[in-house]
4 protein chains.
Amino acid sequence: MPRRTKLAPRKTPTQERSRATVDALVQATADLLVRDGYEKLTTNRVAERAGVNIASLYQFFPGKEALVAEVRRRHVEAQQVAMREAMTELRGQGLEATVRALVSMGVAAHAVNPKLHHALTEELPARVSRVGQPEEDPVLAEARKVFERLSVGVEDMERALWMVDTVAHAVIHRGVIERPGDLASGALTEELVTLLLRYLRRR
Amino acid sequence: MPRRTKLAPRKTPTQERSRATVDALVQATADLLVRDGYEKLTTNRVAERAGVNIASLYQFFPGKEALVAEVRRRHVEAQQVAMREAMTELRGQGLEATVRALVSMGVAAHAVNPKLHHALTEELPARVSRVGQPEEDPVLAEARKVFERLSVGVEDMERALWMVDTVAHAVIHRGVIERPGDLASGALTEELVTLLLRYLRRR
Amino acid sequence: MPRRTKLAPRKTPTQERSRATVDALVQATADLLVRDGYEKLTTNRVAERAGVNIASLYQFFPGKEALVAEVRRRHVEAQQVAMREAMTELRGQGLEATVRALVSMGVAAHAVNPKLHHALTEELPARVSRVGQPEEDPVLAEARKVFERLSVGVEDMERALWMVDTVAHAVIHRGVIERPGDLASGALTEELVTLLLRYLRRR
Amino acid sequence: MPRRTKLAPRKTPTQERSRATVDALVQATADLLVRDGYEKLTTNRVAERAGVNIASLYQFFPGKEALVAEVRRRHVEAQQVAMREAMTELRGQGLEATVRALVSMGVAAHAVNPKLHHALTEELPARVSRVGQPEEDPVLAEARKVFERLSVGVEDMERALWMVDTVAHAVIHRGVIERPGDLASGALTEELVTLLLRYLRRR
DNA sequence: CATGAATGAGTTTTCATTCAT
DNA sequence: CATGAATGAAAACTCATTCAT
């Protein structure tokens with residue numbers, strides 16, 4: 001394992017002023033990421049845009065990957081907050097309600113900050129993007145339980161879960177960009193729910 | 001629309017010698033892309049690896065984006081060749097055979113050069129990747145005809161096509177990386193075909 | 001109007017250390033300009049001669065034009081200082097004394113740093129040279145007042161001023177290079193004064 | 001004396017085709033000089049614009065200075081042709097007619113190809129510009145004779161000639177750029193003639 | 001002769017990162 | 001801690017010039 005240190009922030013700012021500095025840096029990173037993409041993201045530009053001295057940047061972050069990692073961490077956090085509501089509905093429901101809830105959660109997650117989301121998923125090189133979030137998706141874990149309880153007629157549960165995850169993500173993700181109207185109207189969601197239910201309801 | 005010129009090659013090589021040079025450059029680009037990702041791709045490295053003077057590189061390509069564009073062009077070309085066989089099965093078949101053929105084509109396309117495919121789809125920033133291939137997928141066009149002929153019970157044909165496209169791509173794409181075993185055994189394909197058929201067969 | 005930004009310095013140095021750096025850069029630019037001409041002036045050479053890292057150069061100047069512009073700015077400043085003395089004589093004098101003073105001022109200006117002056121006026125492409133000093137010559141403004149007060153017998157005052165300006169500049173300018181002896185002895189100055197007086201004294 | 005060869009053309013083209021090539025190169029050089037200035041003049045660009053292979057360029061010219069020298073040679077030639085008419089009037093006239101003729105010749109020379117003239121005199125670095133035309137101006141030689149015959153009341157004939165030359169050139173040269181209206185109307189010429197006559201007519 | 005190709009040697013410019021105060 | 005300054009290293013791109021066919 002090489003310097004994974006590259007990804008973690010350096011100092012956790014405790015004082016008031018420092019936190020403002022860090023926030024400015026993270027915000028600037030997000031802005032530049034959205035506007036110009038990862039390629040043109042440089043530590044100098046981030047510092048300049050944040051109105052922070054470049055040396056200060058290095059006081060808190062070991063490099064630009066760490067900045068991006070922090071941006072993603074905060075974004076994921078925000079997404080999880082957004083999902084938490086729909087999450088509750090997940091318990092003790094029937095299959096349709098469950099699937100509907102799962103899809104809603106996905107949509108909610110994508111609605112948090114679509115542009116940043118796009119930048120984080122599409123502009124980032126996979127190497128940068130993938131690192132640091134290998135944990136099992138809590139939503140998937142929850143879904144597994146529900147599906148098992150409902151004894152969905154599926155051969156390989158893991159595979160089915162993977163399919164659902166893959167399909168739902170893809171439809172929502174591409175939908176945000178290519179069919180925003182259908183997403184907003186709920187038509188796309190409906191289509192997705194139909195697809196998933198037909199897939200899961202087997203004899 | 002800024003200078004799209006950045007993407008087109010500069011000179012088209014006419015002599016034998018220069019064609020070799022260009023090929024070496026394109027090959028080197030592909031190699032480096034696979035090995036180190038787009039981020040670390042530099043014109044200097046490409047030239048060096050190709051054993052070509054940097055100035056020669058610029059004689060034929062205006063920059064690294066053009067190199068990558070050419071790599072992608074060739075890759076897509078190879079994919080289309082690979083798909084052409086399965087393409088023939090598409091005509092005059094029933095729904096299941098059609099869907100099965102479509103999936104096979106997708107798999108075949110992904111089998112051409114998986115590592116390069118991965119690099120081109122995952123490592124490339126969307127800005128770079130998306131540009132220059134806005135043409136309608138010929139496969140989709142074909143699929144539309146078949147579906148219409150079979151009068152698939154679907155409300156909005158375009159949407160359904162989009163769904164099929166999105167879902168199939170996602171499953172195959174992620175499958176290549178995350179479930180290569182299932183793909184090789186045909187299990188994943190079968191699962192995908194099932195899913196698509198259930199989605200398309202409505203009353 | 002393209003990025004005129006290319007001409008203005010980037011950062012204004014605040015600390016002692018950086019002021020020295022900037023001075024070294026400007027001085028090196030002037031030296032190289034005099035020695036090798038504008039053509040052979042490169043940012044690398046400037047940085048090297050100044051004993052400054054090339055990146056530091058770009059921290060303060062956006063390119064070589066800005067360096068040259070700064071050199072010129074300082075040179076003009078020095079010239080104006082040199083002219084200020086003779087300037088005082090300009091007030092409340094008769095025509096001859098006035099013309100003599102004007103000529104003296106021109107000579108004084110050209111005496112500041114003849115080699116640099118030559119480099120700036122002869123070696124620089126007009127595009128580079130002309131830009132950024134379109135302001136009305138304060139000397140001319142002064143001369144106009146004097147001429148008007150003396151009610152010089154001239155049809156078109158503006159044209160006459162332009163003539164005087166043009167003629168005086170040319171004689172002094174070419175004189176510095178081609179007839180330095182005559183200039184030093186005062187003979188050329190005398191000739192010029194004679195010429196101007198005869199031109200201005202009409203009935 | 002270093003490789004003055006740098007300035008002379010290499011081969012004098014005898015065949016039809018070659019002359020066309022050379023002409024295209026010279027013309028392209030002139031065009032680029034006018035449009036983009038000496039700085040951006042490169043052999044590659046000249047060849048490209050002329051529609052001539054770069055290697056062919058080097059068959060006829062040893063470098064870009066030689067190209068420019070040839071452009072200037074042709075321009076001067078054209079100017080001399082243009083001056084030849086007015087030249088004839090120079091013989092056996094009185095002072096005023098002579099001066100008037102001299103000025104006319106200067107104006108005629110500047111009228112040949114003003115833009116190219118400007119490029120050649122203002123954009124070219126002195127080092128490049130000055131080389132290769134050190135010969136005594138035939139016009140000046142002629143003027144000397146006339147002045148001597150008319151026994152103009154001047155102390156130092158050489159100096160006076162130099163003054164006339166300098167002043168006339170400057171007024172016309174700057175006039176072309178800054179007062180084209182006055183030049184076209186003849187007002188500027190008149191002013192210049194007046195100035196010169198008053199200078200030359202002394203007791 | 002003409003042409004496509006090739007290239008050594010730059011030139012411009014930027015980046016990530018460190019240092020002294 | 002913060003900040004202005006500094007810099008090694010390299011990336012992007014160009015130029016004059018030559019060579020093989």
Legend entry - Gap between atoms CD and C1', on C/Glu16 and F/dG4 respectively (whole Å): 13 Å
Inset, instruction - Give a yes or no on whether a salt bridge exists between C/Glu48 and C/Arg45, defined as a side-chain N under 4.0 angstrom from a carboxylate O. - result: no
Legend entry - Non-hydrogen atoms of D/Thr43 and D/Gly63 that approach each other most closely: CG2-C, 4.4 Å
Inset, instruction - Tell me which of B/Lys64 and C/Pro13 sits closer to the 5' end of DNA chain F, going by the nucleotide each one is nearest to. - result: C/Pro13
Inset, instruction - Check side chain to side chain donor-acceptor pair (under 3.5 Å) between C/Glu65 and all other residues, then give those that pass, not counting sequence neighbours. - result: none
Inset, instruction - Grab the CZ-P distance between B/Arg17 and E/dT3 for me, whole Å please. - result: 16 Å
Inset, instruction - Fill in the dot-bracket string of DNA chain E, one character per base: . for unpaired, | for a pair to another strand, ( ) or [ ] for pairs within the strand, taking Watson-Crick or G-U pairs under 3.5 Å. - result: .||||||||||||||||||||
Inset, instruction - Return the residues of residues 28-59 of chain B meeting this criterion: a heavy atom under 4.0 Å from some atom of DNA chain E. Order them by number, or give none. - result: B/Asn53, B/Ile54, B/Ala55, B/Ser56, B/Gln59
Legend entry - Pair B/Glu70 + B/Arg73, salt bridge at N-O below 4.0 Å: yes
Legend entry - Length of the CZ-P vector between A/Phe61 and E/dA16, whole Å: 15 Å
Legend entry - Euclidean distance, atom CZ of residue D/Arg19 to atom P of E/dC1 [Å, nearest integer]: 12 Å
Legend entry - Separation of atom CD in B/Gln15 from atom C1' in F/dA20, rounded to whole Å: 9 Å
